[in-house]
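Take a look at the structure set out below.
From a predicted model like this one, the values you see are computed outputs, not experimental measurements.
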Amino acid sequence: RRALLVATGYTENTDMGWTDLTKSTVGTNWGKPPSLIAPVAASLRLPRTEALPTLYPLDERGQRGQGVPFTATSDNASQIGIGPRYRTLWYEVTWPPP
């Protein structure tokens, strides 16, 4: 009763070296840490069940941050916003047992 949500825009390593303007390959020049990412701001809507799901931002090790409950909507859905404020591109969504 859980799902992994990954949401990112532009992503590359620091000093990663593209071999051409089309950015089709880096050859062996993968760059170095830290990775540079553009987090996506979005609203996630899911069908509503008896209990609302919870969103957990995940850190670089996959460890949960503080859970944020979804909000019930008037049209029988649940929703939540994701984005740069969570400082991640990985989220875990969990649903309580029925």
Would you mind writing out the side-chain donor-acceptor pairs for residues 55-62 within the sub-3.5 Å range, not counting sequence neighbours?
{"unit_1": "Asp59", "atom_1": "OD1", "unit_2": "Arg61", "atom_2": "N", "d": "2.8"}
{"unit_1": "Asp59", "atom_1": "OD1", "unit_2": "Gly62", "atom_2": "N", "d": "3.1"}
{"unit_1": "Asp59", "atom_1": "OD1", "unit_2": "Gln63", "atom_2": "N", "d": "2.9"}

Ignoring hydrogens, what is the shortest heavy-atom contact between Ser43 and Gln79? Give both atom names and the distance.
OG-OE1, 4.3 Å
Side-chain heavy-atom pair Val93, Pro53 within 4.5 angstrom cut-off
yes
Taking all non-hydrogen atoms of both residues, which atom of Trp18 and which atom of Lys23 are closest, and how far apart?
CZ3-O, 3.0 Å
Is there a donor-acceptor pair under 3.5 Å between the side chain of Ser78 and the backbone N or O of Leu52?
no
Trp30: side-chain hydrogen bond (donor to acceptor under 3.5 Å, both in side chains) partners, not counting sequence neighbours:
none
Look at the side-chain heavy atoms of Ile, Leu, Val, Met, Phe, Trp and Tyr, link any pair under 4.5 Å apart, and say whether Leu46 and Tyr86 land in one connected group.
yes
What I'd like to find out is whether the side chain of Arg45 reaches to under 4.5 Å of the side chain of Asp75, using heavy atoms alone.
yes
Apply side-chain hydrogen bond (donor to acceptor under 3.5 Å, both in side chains) to Thr94 and list each qualifying residue two or more places apart in sequence or on a separate chain.
none
Is atom CZ of Arg85 surrounded by more than 12 heavy atoms (other residues, nucleotides or ligands) closer than 6.0 Å?
yes
hydrophobic_cluster_shared for Leu89 and Leu4, side chain cutoff 4.5 Å:
yes
Passes side-chain contact (heavy atoms from CB on, under 4.5 Å), Thr71 versus Ile80? Steps please.
CA-CA 6 Å; Thr71 302; Ile80 197 162; over 6 Å; no
Would you sort out whether Leu44 and Tyr91 count as a side-chain contact (heavy atoms from CB on, under 4.5 Å), showing the intermediate values?
CA-CA 12 Å; Leu44 180 64; Tyr91 303 87; over 6 Å; no
How would you list, by chain and number, every residue that makes a salt bridge (charged side-chain N to carboxylate O under 4.0 Å, His left out) with Asp20, sequence neighbours excluded?
none
With distance as the sole test, does Arg48 use its side chain to make a donor-acceptor pair with the main-chain N or O of Thr73 at under 3.5 Å?
yes
Return the set of residues passing salt bridge (charged side-chain N to carboxylate O under 4.0 Å, His left out) with Arg87 (not counting sequence neighbours), or none when no residue passes.
none
Closest heavy-atom pair and its distance - Leu5, Ile82:
CD2-CD1, 4.2 Å
Can you give each donor-acceptor pair under 3.5 Å made by side-chain atoms of residues 32-39, sequence neighbours left out, with the distance rounded to 0.1 Å?
{"unit_1": "Lys32", "atom_1": "NZ", "unit_2": "Asp15", "atom_2": "OD2", "d": "2.9"}
{"unit_1": "Ser35", "atom_1": "OG", "unit_2": "Asn13", "atom_2": "OD1", "d": "3.0"}

